[in-house]
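The structure appears right after this line, and notes come after that.
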Amino acid sequence: MNVLVTGGTGYIGSLTSVQLLGAGLRPVLLDNLCNSKAAVLERIERVAGVRPRFIDGDIRDRALLDRVLREEGIDSVIHFAGLKAVGESVEMPLAYYDNNVNGTLVLLQALREARVRTLVFSSSATVYGDAQVMPLREDAPTSATNPYGRSKLMVEQILADLAASDPSWSLTALRYFNPVGAHPSGLMGEDPQGIPNNLMPYIAQVAVGRREKLRVFGNDYPTPDGTGVRDYIHVLDLADGHLAALRHGHGRPGLHVFNLGTGQGHSVLEMLQAFGRACGKTLAHEIASRRPGDVASCWADPAHAESTLGWRARRSLDEMCADTWRWQSMNPEGYPG
Ligand code: NAD
Ligand code: UD1
């Protein structure tokens, strides 16, 4: 099976491509490299033993999509491509709607024309907005507090309308909780450009000496230790969830929505301690004020994915930290180039 992987050189797309190759599928990576490097292709080859086909291009380029779908004999799509920084989305809403919403529309139109009807989409737990009741089930109310979150909600709505209009489509929205970790070889992982926005890459850069200390955004939340609680999931578990969703989606019309999380929450201080254990250091931190837009707690009810896809997260918090540390210490500046 030939799987078009948009955003395929990015963090989750590249590791999902490794898992696709391991399962005997043929990923075709399409990425405009706006937030990733082509050097990842060599790492995929070292880890998976095969260099995947790569197309340097944009999902908004309809002519390119038409050609790729035809020439590569694409059967299904995993759609990761998009912009993902919440703060930046507030500054540049048009860029976010253009990449994430318009980009998806161009892709869906090309798929319709090429009669490719199976797509798995990267959604996010951000679509649950400022939810108060944990754990989150897929039928919890959705809302958005910023353009990034709104772009994910809009795409989910477009997918729902499309599935309702024509029963030949099989569309799956995967709502990721907090993906972290790296390939256990230490050859592939998250490579954020500039100062990391997210917790795990920030802690990893403190551990390797690139940043002085972690700023903990608030210790007065209604959580056991006062710091924010999230559902961190190993990126390879997440990648395996895509394979399960793709297999499930084939020949099953409709819109399918799944949480991909572990069902377990961990606080910022717990994460700092777990990472300290993995790297054998005490990591400096200071308490800072809350980050605007943050929720106190967010974790998944993953029961629907387990009962329907037969998938659940298997890797532990210690593995998430150990694998991130191996990647960070072997590649302190991320991928070359
Ligand atoms: P990433 O930035 O590492 O990967 C996204 C890739 O898409 C990048 O390689 C980028 O160059 C590419 N891209 C962006 N716009 C493009 C365009 N118009 N055409 C072609 N390529 C384009 O991010 P990631 O962490 O791997 O996230 C993948 C997807 O998962 C995104 O849609 C993101 O919103 C979603 N998601 C991520 C997280 C997370 O914490 N990482 C959480 C929830 C959802
Ligand atoms: C963030 C996004 C969310 C997106 C997700 C993708 C915001 C407000 N939310 O989620 O929309 O889907 O990333 O991964 O940006 N923290 C610190 N210090 C830091 C960084 C983070 O204390 O330097 C804390 C945060 O306050 C939070 C926890 O660590 O309690 C996790 O933060 P982060 O990794 O940014 O993820 P989310 O906020 O859950």
Side-chain angles (χ1 to χ4, degrees), residues 5-16 29-38 40 55-61 64-65 78-90 95-96 98-100 102-104 106-107 121-129 144-146 148-149 151-152 155 174-180 189-193 195-203 205-206 211 213-219 221 223 227-233 235 238-239 242 260-261 265-269 271-272 285-299:
V5 182
T6 74
T9 49
Y11 172 45
I12 307 171
S14 59
L15 285 151
T16 301
L29 282 53
L30 173 75
D31 202 299
N32 67 3
L33 300 174
C34 72
N35 198 38
S36 54
K37 295 177 187 152
V40 74
I55 294 136
D56 181 350
D58 198 297
I59 53 166
R60 294 164 296 181
D61 181 344
L64 174 71
L65 287 179
I78 309 182
H79 177 33
F80 294 102
L83 304 179
K84 63 164 184 177
V86 172
E88 187 184 66
S89 80
V90 176
Y96 274 69
D98 188 29
N99 268 275
N100 296 6
N102 178 41
T104 303
V106 175
L107 174 63
F121 170 64
S122 300
S123 189
S124 166
T126 193
V127 301
Y128 295 115
T145 52
N146 55 69
Y148 168 70
S151 75
K152 293 292 178 192
V155 170
L174 299 179
R175 294 176 177 165
Y176 310 161
F177 281 69
N178 290 60
V180 298
E190 188 170 7
D191 182 17
Q193 306 304 301
I195 301 171
N197 295 309
N198 298 115
L199 179 66
M200 190 70 142
Y202 201 102
I203 293 179
Q205 292 195 3
V206 173
R211 316 257 161 222
K213 60 186 159 193
L214 175 74
R215 291 168 63 230
V216 176
F217 296 144
N219 67 347
Y221 283 107
T223 61
T227 66
V229 169
R230 297 290 186 274
D231 185 339
Y232 298 93
I233 174 170
V235 64
L238 193 76
H242 289 74
L260 294 187
H266 293 287
S267 75
V268 176
L269 294 179
M271 295 302 287
L272 197 61
H285 74 279
E286 69 179 12
I287 305 298
S289 48
R290 290 183 179 193
R291 182 171 65 179
D294 272 359
V295 296
S297 300
C298 178
W299 71 88

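Whatever order the structure lists ligands and atoms in, that order sets their numbers, starting from 1. Just so it is clear, the structure is predicted and the values come from calculations on it, not from any experiment. Atom set for the values below is all heavy atoms of this structure, side chains included, hydrogens, waters and symmetry mates excluded.
- When only non-hydrogen protein atoms are considered, atom 5 (C) of ligand 1 lies nearest to Gly82 O, 3.9 Å.
- Aromatic ring pairs are classed by plane angle as parallel below 30°, tilted from 30° to 60° and perpendicular above 60°; the pair Phe80 and Tyr176 is tilted.
- At the top of the distance list for atom 34 (O) of ligand 1, counting protein heavy atoms only, stands Tyr148 OH, 2.8 Å.
- Atom 11 (O) of ligand 1 has its closest protein heavy atom at Asp31 OD1, 2.6 Å.
- Of all protein heavy atoms, the one lying nearest to atom 4 (O) of ligand 1 is Gly10 CA, 3.5 Å.
- Listed by chain and number, the residues in a side chain to side chain contact (heavy atoms under 4.5 Å, CB included) with Ser14 are Val40, Ile44, Met188 (sequence neighbours excluded).
- Checked by atom type, the side-chain pair Tyr148/Glu88 shows no donor-acceptor distance below 3.5 Å.
- Nearest protein neighbour of atom 3 (O) of ligand 1, counting heavy atoms only, is Tyr11 N, 2.9 Å.
- Counting heavy atoms only, Ile59 comes closest to atom 19 (N) of ligand 1 of the residues Ile59, Ile12, Ile55, Thr104.
- Shortest contact from atom 31 (C) of ligand 1 to any protein heavy atom: Phe80 O, 3.1 Å.
- Taking CG from Asp58 and CG from Leu64, the interatomic distance works out to 8.5 Å, rounded to the nearest 0.5 Å.
- Ligand 1 does not have Arg175 within reach: every non-hydrogen atom of the residue lies 4.0 Å or more from it.
- Nearest non-hydrogen protein atom to atom 15 (N) of ligand 1 is Asn99 OD1, 3.1 Å.
- Around ligand 2, the residues contributing at least one heavy atom under 4.0 Å from the ligand are Val86, Ser124, Thr126, Tyr148, Asn178, Asn197, Asn198, Leu199, Leu214, Arg215, Val216, Phe217, Gly228, Arg230, Tyr232, Val268, Arg291, Asp294.
- Between the side chain of Ser151 and the backbone N or O of Tyr96, no donor-acceptor pair lies under 3.5 Å.
- A distance of 9.5 Å separates OG1 of Thr223 from CZ of Arg230, quoted to the nearest 0.5 Å.
- Listed here is the closest heavy atom pair of Ala38 and Leu33: N-CD2, 3.8 Å.
- The shortest heavy-atom distance from Gly103 to ligand 1 is not under 4.0 Å.
- Remark: ligand 1 and Asn35 share an N or O pair separated by less than 3.5 Å (distance only, no angle test).
- Nearest non-hydrogen protein atom to atom 22 (C) of ligand 1 is Asn32 OD1, 3.2 Å.
- Within the 4.0 Å heavy-atom shell around ligand 1 one finds Gly57.
- Any N or O atom pair closer than 3.5 Å counts here, and Leu30 shares no such pair with ligand 1.
- Between Tyr232 and Met200, every side-chain heavy-atom pair lies at or beyond the 4.5 Å cut-off.
- At a 4.0 Å cut-off, at least one heavy atom of Ser123 sits close enough to ligand 1 to count as contact.
- Proximity annotation for atom 40 (O) of ligand 1: of Gly13, Pro179, Pro192, Pro179 comes nearest, heavy atoms only.
- Less than 4.0 angstrom separates some heavy atom of Gly7 from each of these atoms of ligand 1: 6 (C), 7 (O).
- Between the side chain of Thr227 and the backbone N or O of Ser267, no donor-acceptor pair lies under 3.5 Å.
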